[in-house]
Structure formats: C-alpha cells, structure tokens
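Some notes on the structure that comes next.
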Amino acid sequence: TRTTRPQRLLRAVIINAVRGDPDSVIRAIDHFCKHTEWAMNIGDEKGAILDSVVMETSPSTVLELGTYCGYSAVRITRLLPPSTRLITVEMNPDYACVARQVIQHAGLQDKVCVLEGQSADLIPKMAEMFGIQTFDFVFLDHWKDRYLPDIRLLEDCSLLAQGSVVLADNVVCPGTPDYLNYIRSNLNYRSRFYQAHLEYTRVLDGLEKSEYLGCRQGKRQ
Ligand SMILES: Cc1cc(C(=O)N2CCN(C)CC2)sc1-c1cc(O)c2nc[nH]c(=O)c2c1
Ligand SMILES: [Mg+2]
C-alpha cells in the first residue's frame with residue numbers, strides 16, 4: 001500500500017473535520033476507525049473516561065507517553081485551560097509527523113509539544129527542558145513493556161507529586177500485567193480500574209487510574 005495507515009487517517013481528518021474544531025477532529029478519526037480502518041487510538045468509549053479523569057484532575061502540567069496520530073493529545077488538550085501545555089512523547093518519527101498535522105488541524109498546536117524520541121531518554125531531561133518540577137497528570141499509552149520501567153523512572157526523577165494522577169491505557173488488551181501488579185501492590189499509589197473495551201471493538205480492555213500519594217514505605221502484603 002502506497003500510503004501508511006496514519007497518513008490515511010490524517011487524510012480523513014483533513015477531508016472530514018472542521019479546521020480549528022477539536023471535537024470534529026475526534027469525530028472524524030472515530031468515524032474513520034469504525035467504518036474504514038481500525039487504528040490504535042484510545043477511541044470514544046475509553047476516551048470519555050480519559051476526558052472525565054482529565055476534568056476531575058484539572059492538571060497544570062500534563063505528560064503523554066505514546067502520541068501515535070495525536071487523537072488523545074487532541075482529547076486531552078481540548079479540555080485544558082488556556083495556559084496549560086501538553087508534552088507528548090513519540091518514538092516513531094512518521095507517527096510524530098502525522099500527529100503534529102492532526103493537532104494543527106484541531107488548532108491546538110500552540111498548546112502541545114510533540115517530542116520525538118524514547119521515553120527512557122527523554123523523561124530524565126523533562127524538568128530541565130520545560131522548567132517544571134512535577135507532572136499533575138501522566139497518560140501511559142506507548143508500549144505495554146515500558147509502563148513499569150517508565151513509572152519507576154518518573155518516580156526516580158521526582159516527577160510525581162502527592163496528588164499526581166497516572167492513567168494507563170490497555171491494561172487488559174494488549175495487557176500490562178507487570179505494571180498492574182506493581183502499581184496495585186504499592187502503598188504509594190491508590191489505584192482504580194475502569195472496565196471498558198478495546199477501541200472500536202467488543203474485546204474487553206480497561207484503564208487503570210493511579211493517584212500518587214507521596215513517598216511512603218513498603219508494599220501492600
Ligand atoms: C496494535 C493492537 C492490536 C490489538 C488487537 O487486539 N487487535 C484485535 C482486534 N482488531 C480489530 C484490532 C487489533 S490491540 C492493539 C493496541 C491497542 C492500543 O490502544 C495500543 N496503545 C498503545 N500502544 C500500543 O501498542 C497499542 C496496541
Ligand atoms: Mg492504547
């Protein structure tokens with residue numbers, strides 16, 4: 001196939017969404033994925049849960065790991081107050097290129113920084129790069145095997161504060177058992193599972209929301 005799936009998704013956004021209207025971008029991507037071609041955006045069912053967690057957190061500093069085509073970056077950023085920025089990390093340059101165009105079509109380019117590179121390399125530089133201390137909200141949606149090492153790295157870099165919220169996609173499908181075991185048995189977090197379905201399918205999936213309680217000791221027995 002001449003074009004890639006992200007490029008075909010971008011074309012659907014350009015054709016069907018109103019420039020500057022984030023909700024129409026979200027609708028155009030969901031329509032494309034339901035009726036034309038499945039793609040690994042969080043989607044509308046889990047997206048509504050993401051929206052509610054973002055709104056209840058009302059974060060000032062936001063980090064997303066795993067941009068893909070920018071769908072969740074648009075979902076999150078459209079809910080943020082004017083002065084707040086989203087930092088989103090994507091290791092695949094082709095995905096990052098499409099995401100920047102999707103985000104621009106939504107009119108949110110001034111509120112989103114798409115960082116190309118590996119989360120493991122970039123997390124230690126975040127505080128210095130952006131002049132921030134901690135993230136109020138972190139969305140994990142990059143790769144199941146990186147959730148656990150990256151949450152540990154965020155802790156080690158003191159990038160989580162008491163009250164910080166970490167939301168993880170795909171904890172059932174494809175599944176992140178090591179991350180779930182860690183976060184649910186760790187006294188420094190209060191976790192809650194939101195049952196849902198894999199985007200655009202009837203396959204079971206879910207989101208895990210974990211509030212960082214600050215640095216206590218020990219593990220739950
Ligand atoms: C690539 C893929 C295939 C899945 C699946 O079970 N499939 C059966 C059903 N058919 C229809 C689709 C394909 S689930 C999934 C996936 C979904 C996400 O939300 C992801 N988020 C972040 N990073 C990922 O690697 C990621 C992968
Ligand atoms: Mg996902």
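Counting starts at 1 for both ligands and their atoms, in listed order. Quick caveat: nothing in here was measured; it's all calculated off a predicted structure. Just the heavy atoms: all of them, side chains too, but no hydrogens, waters or symmetry mates, feed the values below.
- The single protein non-hydrogen atom nearest to atom 26 (C) of ligand 1 is Met40 SD, 3.5 Å, given as residue, atom name and distance.
- Aromatic rings from His142 and Tyr68 are positioned such that their centres are separated by 6.0 Å or more.
- The shortest heavy-atom distance from Cys173 to ligand 1 is under 4.0 Å.
- Taking any N or O of Trp38, backbone or side chain, none lies under 3.5 Å from an N or O belonging to ligand 1.
- Here the closest non-hydrogen pair linking Val114 and Arg100 is O-NH2, 2.9 Å.
- Shown here is Glu128, whose CD atom has no more than 12 heavy atoms of other residues, nucleotides or ligands within 6.0 Å.
- A distance of 9.5 Å separates CG of Asp30 from NE2 of His35, quoted to the nearest 0.5 Å.
- For Met91, the CE atom is loosely surrounded, since the number of other residues' heavy atoms within 6.0 Å does not exceed 12.
- Counting heavy atoms under 4.0 Å from ligand 1, residue Asp169 touches it through the side chain alone.
- For Arg190 and Tyr212, the positive end is not near the middle of the six-membered ring at less than 6.0 Å and at most 45° from its axis.
- Judged purely by distance below 3.5 Å, without hydrogens or angles, the side chains of Glu64 and Ser72 pair a donor atom with an acceptor atom.
- The N, O or S atom of Asp141 lying closest to the Mg ion (ligand 2) is OD1.
- Backbone or side-chain N, O or S atoms of Ser72 do not reach the Mg ion (ligand 2) at under 2.8 Å.
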Could you walk me through whether Arg192 and Glu211 pass the salt bridge (Lys or Arg N to Asp or Glu O under 4.0 Å) check?
-> CA-CA 9 Å; Arg192 177 181 166 189; Glu211 183 183 352; over 6 Å; no
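- Considering backbone and side-chain N/O atoms, Asp141 comes within less than 3.5 Å of an N/O atom of ligand 1.
- Counting heavy atoms closer than 4.0 Å to ligand 1, residue Asn170 contributes side-chain atoms (C-beta onward) but none from N, CA, C or O.
- At a heavy-atom distance under 4.0 Å, only backbone atoms of His142 (N, CA, C or O) approach ligand 1.
- Contacts of Leu198 with ligand 1, taken as heavy-atom pairs under 4.0 Å, involve the side chain alone.
- Interface atoms of ligand 1 facing Glu199, defined by a heavy-atom separation under 4.0 Å, are 17 (C), 18 (C), 19 (O).
- Taking atom 11 (C) of ligand 1 as the reference point, the nearest protein heavy-atom neighbour is Thr201 CG2, 3.9 Å.
- Residue contact check: Trp143 has heavy atoms under 4.0 Å from atoms 25 (O) of ligand 1.
- The atom name of the N/O/S atom in Asp169 closest to the Mg ion (ligand 2) is OD2.
- Contact annotation: Glu199 places no N, O or S atom under 2.8 Å from the Mg ion (ligand 2).
- Of the protein's heavy atoms, at least one falls inside 4.0 Å of atom 14 (S) of ligand 1.
- Arg8 and Thr3 form a side-chain donor-acceptor contact under 3.5 Å, judged by distance and modelled atom types alone.
- Judged by a 6.0 Å distance limit and a 45° cone about the ring axis, Arg75 is not positioned over the six-membered ring of Phe139.
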